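Here the structure comes first, spelled out in structure tokens, and everything after it is commentary.
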Number of protein chains: 2
Amino acid sequence: MKKNILIVEDNADLASLVQLHVLDINCDADIAHDGGQALRMYQSKAYDLVILDIMLPVMDGISLCQKMRDKGAYVPIIMLTSKASELDRVVGLEVGADDYLTKPFSFPELLARIKAQFRTIEALTHKPTHQTSELFQMGYLRMDVGKRLVTIQGKAIALTAKEFDLLLYFAKHPGQVFTRSQLLDQVWGYQFEGYDHTVNTHINRLRLKIEADPAKPKYILTVWGVGYKCGDGI
Amino acid sequence: MKKNILIVEDNADLASLVQLHVLDINCDADIAHDGGQALRMYQSKAYDLVILDIMLPVMDGISLCQKMRDKGAYVPIIMLTSKASELDRVVGLEVGADDYLTKPFSFPELLARIKAQFRTIEALTHKPTHQTSELFQMGYLRMDVGKRLVTIQGKAIALTAKEFDLLLYFAKHPGQVFTRSQLLDQVWGYQFEGYDHTVNTHINRLRLKIEADPAKPKYILTVWGVGYKCGDGI
DNA sequence: GAGTTTTTTCATGATTTTTTCTCCGTTGTG
DNA sequence: CACAACGGAGAAAAAATCATGAAAAAACTC
């Protein structure tokens, strides 16, 4: 996935040069030549990083940096400057920049600093995204209830709604034997008026999908004269 | 809430000086004089930041940095060095440092950089407070919650309020399947009295806007007999 | 308050799933 | 071994679900 970088730099040559270099680390870059343009672009597109020259026409880099910081999402900002004065460096960082480079800088260092910013973001955001949804397992077969996903040895199996509900019912009651009408009551709902035969058909199609050899089922077993139960899949 | 900083520096005078200065920004600091000691301290206490001299006896700063990075939790590392060679700077950043300072450095700048690191952490870890909002992504599609902006491969997509909220809900729960009434409850609010059909229409318009081929959606997928889920967009 | 945009409701046709039905092999029983 | 009940397989019929487009209602703007 390509990252988007916004380069804010009035020197067109330098801007293009930077743009060229960030391509090497798989990043796309747009260029803004003054502060006003930069702010408009920043608001109209989701950038992953901003490279910002502090000396700009129309609006200086410090003000621009503050305005960007006020606009919602956190986007890392790397400041560039020709002044080597310490005061500027400190002001830049105080005002919300995440890093600071003094011109002339080397491109390897710029790229290294860009990557360092991305790494921080990754490390910090790459966390509680994983919803802990209920998981059931029988042998190699796993069911994720929230995602309604079934995998066998990691391979995804596409099930219809009823197939999934039926299989889930077995997975939730390992080893237990159910008659067809019990299954109709529990999975279809007690108000369902239909034939026991319906269950057969569903078990059938389920077996076609999940069993290696549907003639010798391992997950859903027939209990002759009674109904079905789930095996351990092994 | 005081922050804990680990200073890894063999020059005892400089170490104490740094320790003294970080007190000004309400930070406590421990000092390690060599790499082995540093690693033991790093593992035995939860630090918020590490200041690391690259030239160390026993174990050099680069190796130490890598070892720390391997130890799970993300702690920002600021490297110090007397060598001004560009290669070192780049190696330092490549190896997992978040920032890099060349001796002699000024204390205001060191403190500014420390604060910049903390600010990043705050912005990214602190739950989406009103100011700092989050970015969500599914494939080429990105959502900036603060700006209420959606882009696909950098191109901005104009969504209405409901469309945005609905899409955001999917983006926040990747892969999770929702029924139409769940979506009505979660996105519209449980007090909403309306038809499931409403969801269809919105999904429909969303697809027209975000899908390359609305007939073969990649972002919002239909789960037959259940509802909808978001795909990974690829 | 008129005009625009957004949201909701509704109707239709296409598609998928579910149910029903039939045939045939299998299993258990006497 | 024969007979009857049972379960499996497949196809056809029925039902449910969804996409689409259009119209009505509501919300918002100027």
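Because the structure is predicted, anything quoted here is derived from the model rather than measured. So that the names make sense, note that chain A is the first sequence line, chain B the second, and so on, each numbered from 1. Basis for what follows: all heavy atoms, side chains included, without hydrogens, waters or symmetry-related copies.
- Comparing atom distances between the A/Trp224 side chain and each of C/dC10, D/dC6, C/dT19 picks out D/dC6 as nearest.
- For the OP1/OP2 pair of C/dT7 and a distance below 4.0 Å, the side-chain nitrogens and oxygens of B/Thr160 include at least one atom meeting the criterion.
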>> The test is side-chain contact (heavy atoms from CB on, under 4.5 Å); show your working for A/Asn11 and A/Asp53 and say whether it passes.
In response: CA-CA 9 Å; A/Asn11 179 335; A/Asp53 191 338; 5.8 Å; no
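- Within the nucleic acid shown, A/Val199 has no heavy atom closer than 4.0 Å to any nucleic acid atom.
- Nearest nucleotide to the side chain of B/Trp188, out of D/dT20, D/dA19, C/dT8: C/dT8.
- A donor N or O paired with an acceptor N or O is not found under 3.5 Å between the base of D/dA19 and the side-chain atoms of B/Asn204.
- We find that CZ of A/Arg207 is positioned 9 Å from C1' of D/dG7, with the value rounded to whole Å.
- A salt bridge between B/Arg113 and A/Asp99 is present, with a side-chain N of the basic residue lying under 4.0 Å from a carboxylate O of the acidic one.
- When rounded to the nearest whole Å, the span between NZ of B/Lys162 and P of D/dA26 equals 14 Å.
- One can place CZ of B/Phe164 at 16 Å from C1' of C/dT6, the figure rounded to the nearest angstrom.
- Within the 4.0 Å cut-off from OP1 or OP2 of D/dT20, not a single side-chain nitrogen or oxygen of B/Arg205 is found.
- Distances shown here put a side-chain N or O of B/His202 below 4.0 Å from the OP1 or OP2 atom of C/dT8.
- The distance between atom CG of A/Asn200 and atom C1' of D/dC6, rounded to the nearest whole Å, is 9 Å.
- Below the 3.5 angstrom threshold, one finds a donor paired with an acceptor across the side chain of B/Thr201 and the base of C/dT9.
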> Where do A/Lys103 and A/Leu14 land on the side-chain contact (heavy atoms from CB on, under 4.5 Å) test, with the steps shown first?
Replying inline: CA-CA 11 Å; A/Lys103 293 187 204 173; A/Leu14 179 57; 3.8 Å; yes
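- When only modelled atom types and interatomic distance are considered, B/Tyr228 and B/Arg180 share a side-chain donor-acceptor pair under 3.5 Å.
- Remark: C1' of D/dA9 and NZ of A/Lys209 are 16 Å apart, rounded to the nearest angstrom.
- Along DNA chain C, the nucleotide nearest to A/Glu193 and the one nearest to A/Leu159 differ in position, and the one closer to the 5' end is contacted by A/Leu159.
- Straight-line distance from the NE2 atom of B/His197 to the C1' atom of C/dT7: 15 Å, rounded to whole Å.
- Atom C1' of nucleotide C/dT18 and atom CG of A/Leu166 are separated by 13 Å, given to the nearest angstrom.
- The separation between A/Gln191 atom CD and D/dA16 atom P is 12 Å, rounded to whole Å.
- When distances run from any side-chain atom of A/Ala161 to the nucleotides C/dT19, C/dT18, D/dC18, the shortest one goes to C/dT18.
- Remark: A/Thr222 is in phosphate contact with D/dG8, judged by side-chain N or O atoms under 4.0 Å from OP1 or OP2.
- Side-chain N/O atoms of B/Tyr195 include none lying less than 4.0 angstrom from OP1 or OP2 on C/dT8.
- Relative ring orientation between A/Phe107 and A/His21 is described as parallel, the plane-to-plane angle staying below 30° on a 0-90° scale split at 30° and 60°.
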